[in-house]
Amino acid sequence: MESNVRVRFAPSPTGPLHIGGVRTALFNYLFAKKHQGTFILRIEDTDRTRFVPTAEQYIVDSLNWCGIPFDEGVGKNEKFGPYRQSERASIYKKYANELIENGWGYYAFDTNEELNQLRESYEKEGKTFIYNQHNRKELNTSLRLSANEVTEKLKTGAPFVIRFKTPENEILILNDIIRGEIKIDTNTLDDKVLFKSDGMPTYHLANIVDDHLMEISHVIRGEEWLPSMALHILLYRAFDWTPPLFAHLPLILKPIGKGKLSKRDGEQLGIPVFPLAFVNESTGETVKGYKEEGYLPEGFINMLALLGWNPGTEQEILSLDELINLFDLEKVGKSGSKFDPEKTKWFQHQYLIRQSNESLAELFQPILVEKNINEPLERITKVISFIKERATFAADFWELSDFFFVSPTVYDEKTSQKQWKEGTESILNSAIEIVKSVTNFTSIEIETNIKDWITSEEISFGKVMQPLRLSLVGSLKGPHLFDIIEFIGREETIKRILKFIEVAKTKNN
């Protein structure tokens, strides 16, 4: 058991939360709960150019819908607040200055134009410009300028950034819970910008300072941050802080082709890649969400948990409590996992059929009301018991059960021609007489009477059952025929059979 586990999910509020982000949140949540730790939500909103005002609430709503709410964050147990980086600017300035004072940081006054010219001149020689130990003492930096020149530039408000002074000629040995030991030559690293003259930090500085001040014990994040791990470890060293343990999660890959699952893949394949629908108020663009598409959060979470992590058993259906109990970062794979839309639907089906008939009836009732069908919940529950094994979504219920509520107006053309034979009318009229004669009008009683008659008359079952189903349903679909008869009742059954005879006779004469 890890002691005092504190993990954080730190998204940027720049739009809807991709399912890759949801899985990162989920793995943080599972790890925290496994070790009786704390799951923190921090909003990394330093990129004001891409900031979307409604995105923060969307992130909170998404976590809540998934059943993985944060323990600590904006407006909740604010032990280490504020939890929005935009409200912590003064904190970062202090630490940026500390890096200058202890020799781990330096001022760089190069303009964008100067840097672009340098990049172009390097490209002409077939090289790539990297701002690091090879050139930082020749560029417009506090490492080259005198102390007086630096003071004067700062006093006159010259634009600057504070860059990290990466150590030279060192092989860093990094450890990742998922990926093991990683070796990095510091000479290949660039001197990243940590702080800008507008008073805002870059992700790298804010991230490290916040993780330290919020006492984060484990950083569990996507593999896209793996290249930043060396800088982050060096920053911990620069501040003389103990770093947290790191675990970089594999990518969620697109179902077809190479690369990670993107919003565009969702649009092209007609599948959601976000937990909830999202409307961008500035552009009017809307994206689909799993919730609105009818997915149950428990199935969605179960599917996500198994993308990149394996409990080491054959069991696939796992409740949130089971996921917490089994979760282990060392069982997370290194390579990406292909997202499978059909498997996602399979999980949805598995969770749907595990729901109580009563709760599914409550989902179905508003669909029926929209069609001006007002049935008591008790009868809707009965219908659900007949059809739910064939459903994937609540939206499927109507198509699977319309004939329980509405008499068919058309009959499957091919089946009708095939089933209407000489003697069919007589058989159906005899079936009507049996339906009339059943005293205890239950599925079992009706079935017994019809089958006894078929046996005594030595008629083949198909000659009776198929035209009978066709007359009641309109096609050969549907659950147990006698359950349908009991549900719609004696009068409605007779009425439907007579209507089918009339329509079939007209078409076949």
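Index from 1, following the sequence. Everything numeric here is computed off the predicted structure, so don't read it as measured data.
Under the salt bridge (charged side-chain N to carboxylate O under 4.0 Å, His left out) criterion, E322 pairs with no residue, sequence neighbours left out. Partners of K291 under the salt bridge (charged side-chain N to carboxylate O under 4.0 Å, His left out) rule, at least two apart in sequence or in another chain, do not exist in this structure. Residues satisfying the side-chain contact (heavy atoms from CB on, under 4.5 Å) criterion with K183, sequence neighbours excluded, are I171, I173, E181. With sequence neighbours left out, the salt bridge (charged side-chain N to carboxylate O under 4.0 Å, His left out) criterion links R163 to no other residue.
When the options F397, F386, F364 are evaluated for a ring pair (Phe, Tyr, Trp, His ring centres under 6.0 Å) with F404, the one that passes is F386.
Between the CG atom of L245 and the CG atom of L329 there is a distance of 9.5 Å, given to the nearest 0.5 Å. Going from atom OG of S228 over to atom NZ of K192 covers 6.5 Å, rounded to the nearest 0.5 Å. In this structure, F300 CZ and L26 CG are separated by 9.0 Å, a value rounded to the nearest 0.5 Å. How far CG of L194 is from CD1 of I208: 10.0 Å, rounded to the nearest 0.5 Å. Summarising the geometry, atom CD belonging to E298 is positioned 13.0 Å from atom CE belonging to M303; distances are rounded to the nearest 0.5 Å.
In this structure, a donor-acceptor pair under 3.5 Å is present between the side chains of T166 and D191. Between D210 and Y92, the side chains place a donor N or O and an acceptor N or O closer than 3.5 Å (distance only, hydrogens not considered). Between the side chains of E224 and H248, no donor-acceptor pair is found at a separation under 3.5 Å. A donor and an acceptor atom, one from each side chain of N357 and T381, are nowhere located under 3.5 Å apart.
The backbone N or O of Y411 lies less than 3.5 Å from no partner atom in the side chain of T415, so there is not a single donor-acceptor pair. In this structure, E123 contributes its side chain and T128 its backbone to no donor-acceptor pair below 3.5 Å. Side-chain N or O atoms of K338 include one that pairs as donor or acceptor with a backbone N or O of G257 at under 3.5 Å. Side-chain N or O atoms of D340 include one that pairs as donor or acceptor with a backbone N or O of E342 at under 3.5 Å. A donor-acceptor pair is defined here as one N or O able to donate and one able to accept, closer than 3.5 Å; such a pair exists between the side chain of K388 and the backbone of Q355. Listed for the E447 side chain is no donor-acceptor partner under 3.5 Å among the backbone atoms of F482. Side-chain N or O atoms of S407 include none that pairs as donor or acceptor with a backbone N or O of F403 at under 3.5 Å. Between the side chain of T186 and the backbone N or O of E170 there is at least one donor-acceptor pair closer than 3.5 Å. Remark: side-chain polar atoms of N302 are paired, donor with acceptor, to backbone N or O of E316 under 3.5 angstrom. Checked by atom type and distance alone, the side chain of R237 never pairs as donor or acceptor with a backbone atom of T242 at under 3.5 Å.
The number of heavy-atom neighbours closer than 6.0 Å to CD of E330, taken from other residues, nucleotides and ligands shown, is 12 or below. The 12-atom threshold is exceeded at NZ of K343, counting heavy atoms of other residues, nucleotides or ligands nearer than 6.0 Å. When the shell of 6.0 Å around CZ of R50 is examined, it contains 12 or fewer heavy atoms from other residues, nucleotides or ligands. Under a cut-off of 6.0 angstrom, the local environment of NZ in K196 is crowded, with over 12 non-hydrogen atoms contributed by other residues, nucleotides or ligands. Residue I317 places its CD1 atom among more than 12 non-hydrogen atoms of other residues, nucleotides or ligands, all under 6.0 Å distant.
Stacking of R23 on the aromatic ring of F27 is recorded, both the 6.0 Å distance cut-off and the 45° axial limit being met. Cation-pi contact between R42 and F9: absent, since separation from the ring centre below 6.0 Å together with deviation from the ring axis within 45° is not met. Cation-pi geometry between K76 and F70 is met: the NZ or CZ atom falls under 6.0 Å from the ring centre, inside 45° of the normal.
Ring planes of Y203 and W225: parallel class, angle under 30° (limits at 30 and 60°). Ring pair H212/W241 is parallel by interplanar angle, where below 30° counts as parallel and above 60° as perpendicular. Using cut-offs of 30° and 60° on the angle between ring planes, the pair Y290 and F339 is perpendicular. By the 30° and 60° cut-offs, the orientation of the rings of Y131 relative to F129 is perpendicular.
At least one side-chain heavy atom of L261 sits under 4.5 Å from a side-chain heavy atom of H18. By the 4.5 Å heavy-atom criterion applied to side chains, I220 and L249 are counted as neighbours.
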Review point. Stepwise, does the side-chain hydrogen bond (donor to acceptor under 3.5 Å, both in side chains) test hold for R264 with Q268?
Key: CA-CA 6 Å; R264 183 172 291 177; Q268 289 175 345; over 6 Å; no

**Study point:** Criterion side-chain contact (heavy atoms from CB on, under 4.5 Å) on L41 and I43, from CA distance to verdict
**Key:** CA-CA 7 Å; L41 176 66; I43 302 298; 4.1 Å; yes

**Study point:** side-chain contact (heavy atoms from CB on, under 4.5 Å) assessment of W309 paired with L326
**Key:** CA-CA 10 Å; W309 169 77; L326 292 167; 4.0 Å; yes

Practice item. Please assess D185 against T188 for the test side-chain hydrogen bond (donor to acceptor under 3.5 Å, both in side chains), listing each intermediate value before the final yes or no. Key: CA-CA 6 Å; D185 182 348; T188 63; 5.5 Å; no

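Salt-bridge check for E44 with R84: failed, with every basic side-chain N at 4.0 Å or more from each acidic carboxylate O. Ion pairing of E492 with R496 is present here, as a side-chain N (NZ or NE/NH1/NH2) and a carboxylate O approach within less than 4.0 Å. Using a cut-off of 4.0 Å between Lys/Arg side-chain N and Asp/Glu carboxylate O, K263 and E285 are scored as salt-bridged.
Here the shortest heavy-atom pairing between A394 and I367 reads O-CD1, 3.7 Å. When all heavy atoms are compared, the tightest approach of A32 to V7 is CB-CG2, 3.8 Å.
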Taking distance alone, no hydrogens or angles, what donor-acceptor pairs closer than 3.5 Å link side-chain atoms of residues 464-478 to residues at least two apart or in another chain?
from: Q466; atom 1: OE1; to: Q419; atom 2: NE2; distance (Å): 2.8
from: R469; atom 1: NH1; to: K477; atom 2: O; distance (Å): 3.0
from: R469; atom 1: NH1; to: G478; atom 2: O; distance (Å): 3.3
from: R469; atom 1: NH1; to: P479; atom 2: O; distance (Å): 3.0
from: R469; atom 1: NH2; to: P479; atom 2: O; distance (Å): 2.9
from: S471; atom 1: OG; to: P467; atom 2: O; distance (Å): 3.4
from: S471; atom 1: OG; to: L468; atom 2: O; distance (Å): 2.7
from: S475; atom 1: OG; to: K477; atom 2: N; distance (Å): 3.4
from: K477; atom 1: NZ; to: E399; atom 2: O; distance (Å): 2.7

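Sequence neighbours left out, the pairs with a member in residues 58-73 that pass side-chain hydrogen bond (donor to acceptor under 3.5 Å, both in side chains) are R6-E72, K33-D71, Q57-D61, E72-Y83.
The distance between the ring centers of Y236 and H232 does not fall below 6.0 angstrom.
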